[in-house]
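Taking it in order: structure first as structure tokens, then the write-up.
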Amino acid sequence: MSSSVVTHSKNNPSKRLPLWLHKIKPAIWLAPLALFFYLFQLAPMIWVFINSFVYEDEYSFENYHEIFDSSFMLQGFSNSLWLAIWSSFIGLAIATLLVSSLRRIDSKIRDGVIAFTNMSSNFSGVPLSFAFIIILGVNGAFTLLLKQYGLIDDFNLYGQWGLLTLYIYFQIPLGVLLLYPAFDALSDDWQAASALLGAKTWQYWTKIALPVLSPALLGTFIILIANAIGAYASVYALTNGNYNVITVRIASLVSGDLFLEPNLAAAISVILMAILAFITLINQWLITRSYHAKR
């Protein structure tokens with residue numbers, strides 16, 4: 001009997017480990033991820049926050065005063081928020097319709113569409129801008145075709161509406177991928193039951209489907225806004241930095257040819273993080289309210 005116990009303990013060295021080591025074992029496995037998160041997420045944010053208050057080797061609020069006193073900087077924030085909100089709203093609406101349609105088609109076709117969506121969600125940056133220039137530029141194939149049939153007189157891809165089109169394009173695949181699992185919460189029987197009770201399709205969506213999907217829709221909307229505000233490569237490649245968005249302003253302050261003001265760029269980044277944090281808090285508040293309303 002005693003020999004079997006000894007053999008069992010030898011075959012299971014974990015049994016000989018102290019109790020405190022068993023308790024911290026999960027934390028040990030988590031340590032590499034925590035270190036990675038600190039080095040590449042928290043440490044840069046802390047550095048940016050501290051240096052945003054440094055002005056001519058002294059701590060002050062001068063960088064923030066300069067931002068709020070500059071109409072050019074405020075225009076950058078305004079343009080970024082305008083593009084982010086509208087592209088997220090339109091992209092979310094289109095993605096919702098696409099995901100709703102995907103649930104009604106054959107599984108093989110659906111898997112192919114999801115695979116294509118996954119691929120197109122990674123098609124961004126300079127290649128995406130180059131593709132848009134070829135298709136919708138001044139001498140783009142689609143632009144010339146529309147002009148030939150008199151459907152448009154002029155379309156400026158390099159201005160506000162052209163950038164909005166570009167943003168909407170890369171928002172749709174991300175929205176589809178984020179919303180696709182959320183639609184599993186809907187049951188086909190709900191729509192059939194509502195139809196038997198005399199409800200029309202739009203009543204089913206407004207009274208049943210959308211309230212159930214509201215947390216996922218709000219969460220996806222926030223992620224799309226963050227994705228759009230942080231876009232840089234596509235905008236810069238398309239406009240060569242001539243359109244005033246805040247990411248281009250930050251880049252010009254840390255890698256420009258004339259003036260390097262990393263502390264001012266840090267202050268802009270802090271304001272941008274504060275805006276995203278505020279939007280996220282509103283999103284969490286709305287989601288909490290929607291959960292309480294369902295109960």
Side-chain angles (χ1 to χ4, degrees), residues 83-84 86-137 140-146 149 151-152 155 157 161-228 231 233-234 238 287 290:
L83 287 169
W86 279 108
S87 66
S88 299
F89 180 77
I90 298 172
L92 181 64
I94 297 174
T96 304
L97 293 175
L98 287 176
V99 174
S100 177
S101 301
L102 284 175
R103 290 172 53 86
R104 309 293 180 183
I105 62 177
D106 184 75
S107 60
K108 292 182 179 179
I109 300 176
R110 181 168 61 246
D111 293 341
V113 173
I114 292 297
F116 174 78
T117 303
N118 191 21
M119 179 191 69
S120 59
S121 66
N122 295 298
F123 183 66
S124 59
V126 177
L128 177 62
S129 299
F130 182 65
F132 263 74
I133 291 171
I134 293 174
I135 297 172
L136 291 172
F142 198 59
T143 304
L144 294 177
L145 184 65
L146 292 177
Y149 288 99
L151 296 177
I152 61 170
F155 177 74
L157 177 64
W161 297 104
L163 280 173
L164 180 62
T165 306
L166 178 72
Y167 274 57
I168 292 172
Y169 178 85
F170 68 69
Q171 295 280 57
I172 293 173
L174 180 59
V176 170
L177 293 176
L178 292 172
L179 286 177
Y180 184 75
F183 270 72
D184 291 336
L186 297 179
S187 174
D188 294 335
D189 295 337
W190 295 352
Q191 188 168 6
S194 64
L196 288 174
L197 293 172
K200 300 184 188 223
T201 302
W202 67 269
Q203 290 176 318
Y204 162 76
W205 278 102
T206 56
K207 301 292 184 181
I208 300 173
L210 289 180
V212 171
L213 293 172
S214 59
L217 291 172
L218 289 170
T220 302
F221 183 68
I222 296 303
I223 293 174
L224 292 181
I225 287 179
N227 183 51
S234 300
L238 189 65
I287 290 176
S290 67

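Since this is a predicted model, take the numbers as computed values, not measurements.
- When all heavy atoms of Ala182 and Ala216 are compared, the pair lying nearest together is CB-CB, 3.5 Å.
- In plain terms, the two heavy atoms of Gln171 and Ser88 that are nearest each other are NE2-OG, 3.1 Å.
- Here the side chains of Val113 and Ile109 are in contact, with some heavy-atom distance below 4.5 Å.
- By the ring pair (Phe, Tyr, Trp, His ring centres under 6.0 Å) test, Phe132 pairs with Tyr169, sequence neighbours left out.
- Contacts of Ala199 classified as side chain to side chain contact (heavy atoms under 4.5 Å, CB included), with partners at least two apart in sequence or in another chain: Ser194, Gln203.
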For Ile133 and Leu238: C-alpha separation, side-chain torsions, deciding distance, then whether side-chain contact (heavy atoms from CB on, under 4.5 Å) applies.
CA-CA 8 Å; Ile133 291 171; Leu238 189 65; 3.7 Å; yes

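- Every residue two or more places apart in sequence or in another chain was checked for a side chain to side chain donor-acceptor pair (under 3.5 Å) with Thr220, and none qualifies.
- The two residues Ser234 and Leu128 have their closest heavy-atom pair at OG-CD2, 4.3 Å.
- By the 4.5 Å heavy-atom criterion applied to side chains, Leu102 and Phe183 are not counted as neighbours.
- When every heavy atom of Leu166 is checked against every heavy atom of Ser129, the shortest pair comes out as CD2-OG, 4.4 Å.
- Listed by chain and residue number, Leu174, Leu178 satisfy the side chain to side chain contact (heavy atoms under 4.5 Å, CB included) test with Ile223 (two or more places apart in sequence, or in another chain).
- Remark: the backbone N or O of Leu164 is not paired with any side-chain donor or acceptor of Ser87 at under 3.5 angstrom.
- Among residues two or more places apart in sequence or in another chain, the ring pair (Phe, Tyr, Trp, His ring centres under 6.0 Å) test is passed with Trp202 by none.
- For Asp111, there are no side chain to side chain contact (heavy atoms under 4.5 Å, CB included) partners two or more places apart in sequence or in a different chain.
- Put simply, the side chain of Leu213 reaches to within 4.5 Å of the side chain of Trp205, judged on heavy atoms.
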I'd like to know whether Ile90 forms a side-chain contact (heavy atoms from CB on, under 4.5 Å) with Tyr167, so could you lay out the CA-CA distance, the side-chain angles of the two residues, the decisive distance to 0.1 Å, and finally the verdict.
CA-CA 10 Å; Ile90 298 172; Tyr167 274 57; over 6 Å; no

